[in-house]
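Predicted, not measured: the structure shown is a model, and the values here were computed from it. Hydrogens, waters and symmetry mates are skipped; everything else that's a heavy atom, side chains included, is used.
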Amino acid sequence: MRTRYFFARVTTLVACVALGASLAACTSTNSDPSPFPSVTASSPNLTPSRTSTPSVDPAVAQAEAAILEAYRGYWAAKVVSYSDPTKAQDPNLARFADDTALADAQSTIFTLRSNGISIPGQPELSPVVSEVQLGASATAKITDCVDATGWQPIYTATGKSAAAPGQPMRVVTESTAFVAEGRWLIRTSLVHRDQTC
């Protein structure tokens, strides 16, 4: 029973951690290009003309970039921490996360360490920021499709897989962010294991 619980917890970890395409170097904090598709003319009889694009509030655009930086930094720190849980957690974990997101990551590090498991490699991320609310109680939502194909748990001593069988490699992850002490932090990060992407 305990082993089954642990595998379920590791699976959650793998799904949550599977966010590394942009974290390939574990230190990159570059923001993604705009997630909005460009509009192109589809009729061969029409000459493409310039179309006006909706203007984005500069304050919202700046917030989105800062949110993605925090999100990527948070997951980069988890990648480093989970790759060798016998070491102290990456200090960037507390720099980019707080509240439930930080507590969950620290709990996972402890679980991995206690069971002789590590997670080498890199996950792939595709985060999109939405529902940005600025002001005194600034918040935002980040939706991601986490691909853990290249980031699987192993028993460190043997190198054998520690992943629970039958788990999807690509899952939807929803996170929230908020502002504390003048900077964006990740507050929660929830993996929907029943929602593949």
Side-chain angles (χ1 to χ4, degrees), residues 8-23 26-36 56-83 85 88-113 119 122-148 151 153 170-197:
R9 184 147 178 89
V10 168
T11 299
T12 300
L13 162 69
V14 171
C16 285
V17 178
L19 306 171
S22 57
L23 302 179
C26 293
T27 57
S28 173
T29 56
N30 293 337
S31 60
D32 278 350
S34 172
F36 305 106
V56 178
D57 182 340
V60 171
Q62 184 177 12
E64 288 180 352
I67 293 162
L68 284 174
E69 179 179 354
Y71 183 77
R72 294 184 184 285
Y74 166 61
W75 286 109
K78 292 205 320 180
V79 168
V80 171
S81 298
Y82 296 173
S83 69
Q89 75 179 36
D90 186 312
N92 283 323
L93 195 55
R95 177 182 170 204
F96 292 114
D98 198 2
D99 207 340
T100 306
L102 178 59
D104 287 350
Q106 291 171 330
S107 175
T108 298
I109 293 168
F110 177 78
T111 300
L112 292 173
R113 181 184 302 140
I119 307 180
Q122 290 284 337
E124 294 186 12
L125 308 178
S126 306
V128 176
V129 177
S130 63
E131 300 179 23
V132 178
Q133 300 291 322
L134 302 179
S137 300
T139 60
K141 179 179 176 181
I142 307 109
T143 304
D144 200 349
C145 177
V146 175
D147 186 345
W151 198 36
R170 295 167 55 89
V171 293
V172 174
T173 301
E174 291 183 321
S175 304
T176 60
F178 74 113
V179 172
E181 299 180 358
R183 59 195 176 92
W184 286 94
L185 298 170
I186 304 306
R187 172 175 274 158
T188 64
S189 191
L190 177 63
V191 177
H192 296 284
R193 287 173 289 178
D194 58 338
Q195 297 180 28
T196 59
C197 51

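Among all heavy-atom pairs drawn from A66 and W184, the shortest one is CB-CD1, 3.6 Å. Considering every non-hydrogen atom in both R95 and L185, the closest pair reads O-CD2, 3.1 Å. Nearest heavy-atom pair, P85 versus R113, reported as atom, atom and distance to 0.1 Å: O-NE, 2.6 Å. Among all heavy-atom pairs drawn from Y74 and F96, the shortest one is N-CB, 3.6 Å. Residues A101 and I186 come closest through the heavy atom pair CB-O, 3.7 Å. S189 and T173 get closest at one heavy-atom pair: OG-CG2, 3.6 Å.
Side-chain polar atoms of T188 and T100 form no donor-acceptor pair below 3.5 angstrom.
Remark: the backbone N or O of S175 is not paired with any side-chain donor or acceptor of Y71 at under 3.5 angstrom. One N or O on the side chain of S81 and one on the backbone of D90 form a donor-acceptor pair closer than 3.5 Å. Although no hydrogens or angles enter the test, the distance criterion places a donor-acceptor pair under 3.5 Å between the side chain of T111 and the main chain of S107. In this structure, D98 contributes its side chain and R187 its backbone to no donor-acceptor pair below 3.5 Å.
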Run the side-chain contact (heavy atoms from CB on, under 4.5 Å) test on Q122 and V79 for me, step by step, so that the C-alpha distance in whole Å, both residues' side-chain angles and the decisive distance to 0.1 Å come before the verdict. CA-CA 7 Å; Q122 290 284 337; V79 168; 3.7 Å; yes
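No side-chain heavy atom of R170 sits under 4.5 Å from any side-chain heavy atom of T196. Between H192 and V171, the closest side-chain pair of non-hydrogen atoms is not below 4.5 Å. Looking at N92 and V80, their side chains never come closer than 4.5 Å, going by heavy atoms from C-beta outward. The closest side-chain heavy-atom distance from T176 to T139 is not below 4.5 Å.
In Q62, the CD atom is not crowded: 12 or fewer heavy atoms of neighbouring residues, nucleotides or ligands sit closer than 6.0 Å.
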